[in-house]
2 protein chains.
Amino acid sequence: MSMKHAVLGLLDLSPLTGYDLKKAFDESVNHFWSGDQAQIYRTLTALVDTGLAEVEVVPQDGRPSRRVHRITAAGREELERWLRAEPDPAPARNDFLARVFFAPALDDDGVRELLGRRRAAVMGAWQTLTALEQAEGPGRSRAERLRLATLRNGLAHARAELDWLDELDREFA
Amino acid sequence: MSMKHAVLGLLDLSPLTGYDLKKAFDESVNHFWSGDQAQIYRTLTALVDTGLAEVEVVPQDGRPSRRVHRITAAGREELERWLRAEPDPAPARNDFLARVFFAPALDDDGVRELLGRRRAAVMGAWQTLTALEQAEGPGRSRAERLRLATLRNGLAHARAELDWLDELDREFA
DNA sequence: GACCGATATAAGACCATGCATATATAGGAC
DNA sequence: GTCCTATATATGCATGGTCTTATATCGGTC
């Protein structure tokens with residue numbers, strides 16, 4: 001349920017429209033969060049309704065007015081409350097591991113196929129993250145270093161997954 | 001949406017009641033899947049409605065009849081279809097990484113607190129998985145080895161997360 | 001000239017998930 | 001005697017999330 005907080009966090013960095021937020025979700029935080037356009041707009045409405053954000057309407061010609069959302073003092077408080085709160089118990093749902101668990105219902109080729117596809121997907125993710133990390137360069141400020149750390153986290157897990165796949169391949173070679 | 005497939009997978013191992021399934025979710029597959037009781041019963045109803053499973057009602061006295069669900073041939077086909085299908089694109093939602101990304105809004109103590117709590121949670125998960133692995137012993141059959149592999153996957157990721165936390169601690173010491 | 005993608009917002013419909021509550025009885029703890 | 005836990009299923013309600021469609025214009029490609 002922290003879609004609300006993800007949006008608040010981004011608004012805390014700078015005022016944004018729903019459209020901007022969608023791009024931010026797809027580009028800068030995509031490695032740990034995703035968001036549907038409809039949901040982003042609804043979340044913004046909810047934030048404004050509860051006083052955690054406010055809107056400024058900037059008319060344009062030829063296209064809909066930009067509705068620029070700005071975090072309020074109450075919003076900043078809520079963001080900090082969330083950051084200090086107990087972590088949400090992770091729902092623990094891993095579609096791929098479910099398939100491995102039930103893979104005994106497949107023949108050997110099927111298992112190899114499953115593992116091969118996983119390897120390709122993880123390598124793709126690894127490359128994306130590496131590219132992002134390169135593009136960022138070394139982090140100087142505390143904020144930059146924390147954000148880079150989220151990329152390194154993704155890379156660490158990708159490597160762990162690839163190592164695990166290597167081991168499995170050896171076992172099922 | 002593979003709640004359906006998780007249930008089918010378990011039914012493929014043996015016929016089960018909703019109650020049995022809830023226990024199975026909480027015990028044997030909890031490290032990669034979880035399920036609410038209400039949702040399990042609804043999923044079973046849907047599986048029967050679509051011919052992927054069938055029910056046998058076993059009356060008992062003093063408590064509700066056991067409704068034992070058995071996978072059908074169509075169910076087995078659907079299970080295999082899913083196992084061979086393209087992986088679902090993972091939604092990529094990591095509440096903890098979101099907090100790290102937005103943690104610059106916290107003071108140093110807040111960041112340390114966040115990381116400390118994460119470490120505790122991951123160590124807890126690691127211990128749970130280790131205990132499960134010990135309890136299982138070495139896997140002999142192909143099926144046992146694949147199931148053990150899902151535990152090792154969890155352990156590998158837990159270790160990766162702990163290593164990453166160590167590195168971050170050094171950076172923010 | 002036709003089509004596509006970017007900019008920008010909004011609403012409807014549906015599915016999945018989770019929380020709470022209801023019912024009914026047996027057996028063990030205190 | 002009372003309370004809690006285990007057994008077993010079922011429903012209602014609210015929320016969260018995704019998909020689809022609608023509207024409107026500008027600029028570039030083919």
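Quick note on labels: first sequence line is chain A, next is B, and so on, each numbered from 1.
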- Message: I need the CG-P distance between A/Leu44 and C/dA10, as an integer number of Å.
- Response: 9 Å

- Query: Quick one: is C/dA10 close enough that its OP1 or OP2 comes under 4.0 Å of any side-chain N or O from A/Tyr41?
  - Reply: no

- Task: Just compare D/dT9, D/dC19, C/dT9 and give me whichever is closest to any side-chain atom of B/Arg67.
- Result: D/dT9

- To the nearest angstrom, the OH-P distance between A/Tyr19 and C/dA6 comes to 7 Å

- Task: Evaluate the salt bridge (Lys or Arg N to Asp or Glu O under 4.0 Å) criterion for residues A/Arg67 and A/Glu56: first the C-alpha distance (whole Å), next the side-chain angles of each, then the deciding distance (0.1 Å), finally the verdict.
- Result: CA-CA 6 Å; A/Arg67 298 172 54 81; A/Glu56 183 195 348; over 6 Å; no

- Task: Look at the side chain of B/Asp36 and decide which nucleotide, out of D/dA8, C/dC19, C/dT17, has an atom nearest to it.
- Result: C/dC19

- Query: Parallel, tilted or perpendicular: which fits the ring planes of B/Trp164 and B/Phe96, with parallel below 30° and perpendicular above 60°?
  - Reply: perpendicular

- Rounding to a whole Å, what distance do you find between A/Lys22:NZ and C/dA6:C1'? 14 Å

- Nearest-nucleotide wise, let me know which of B/Gln39 and A/Thr17 is further upstream toward the 5' end of DNA chain C. A/Thr17

- Item | Between C1' of C/dT9 and NZ of A/Lys23, the distance in whole Å | 15 Å

- Message: Let's see if you can work this out: which of C/dC19, C/dA8, D/dA8 has an atom nearest to the side-chain heavy atoms of B/Arg66?
- Response: D/dA8

- Any ion pair linking B/Arg76 and B/Glu80 (charged N to carboxylate O, less than 4.0 Å)? no

- Message: How many whole angstroms separate atom NE2 of B/His5 from atom P of C/dA16?
- Response: 11 Å

- Is there a donor on the side chain of B/Arg42 or the base of C/dG18 sitting less than 3.5 Å from an acceptor on the other? yes

- Task: Send over the distance from B/Asp88 CG to C/dC15 P, rounded to a whole Å.
- Result: 17 Å

- Note on the structure: Assign each of B/Ser65 and A/Gly35 the nucleotide of DNA chain D bearing its closest heavy atom; nearer the 5' end lies the nucleotide of B/Ser65

- Do the side chain of A/Gln60 and the base of C/dT7 come within less than 3.5 angstrom through a donor-acceptor pair of N or O atoms? no

- Task: State which of D/dC19, C/dA20, C/dT9 makes the closest approach to the side chain of A/Gln37.
- Result: C/dT9

- Whole-Å distance, B/Phe25 CZ to D/dA8 C1', equals 17 Å

- Note on the structure: What one should report as the nearest heavy-atom pair of A/Thr150 and A/Phe32 is OG1-CE2, 4.2 Å

- Query: Taking CD1 from B/Ile40 and C1' from C/dG18, how many angstroms apart are they, rounded to a whole number?
  - Reply: 12 Å

- Item | Residue B/Ala38, side-chain atoms from C-beta onward, closest of C/dA8, D/dT7, D/dT11 | D/dT11

- Task: Would you please name every residue forming a ring-ring contact (aromatic ring centres under 6.0 Å, His included) with A/Phe102, sequence neighbours left out?
- Result: none

- Item | Of B/Pro64 and B/Thr43, the one whose closest DNA chain C nucleotide lies more 5' | B/Thr43

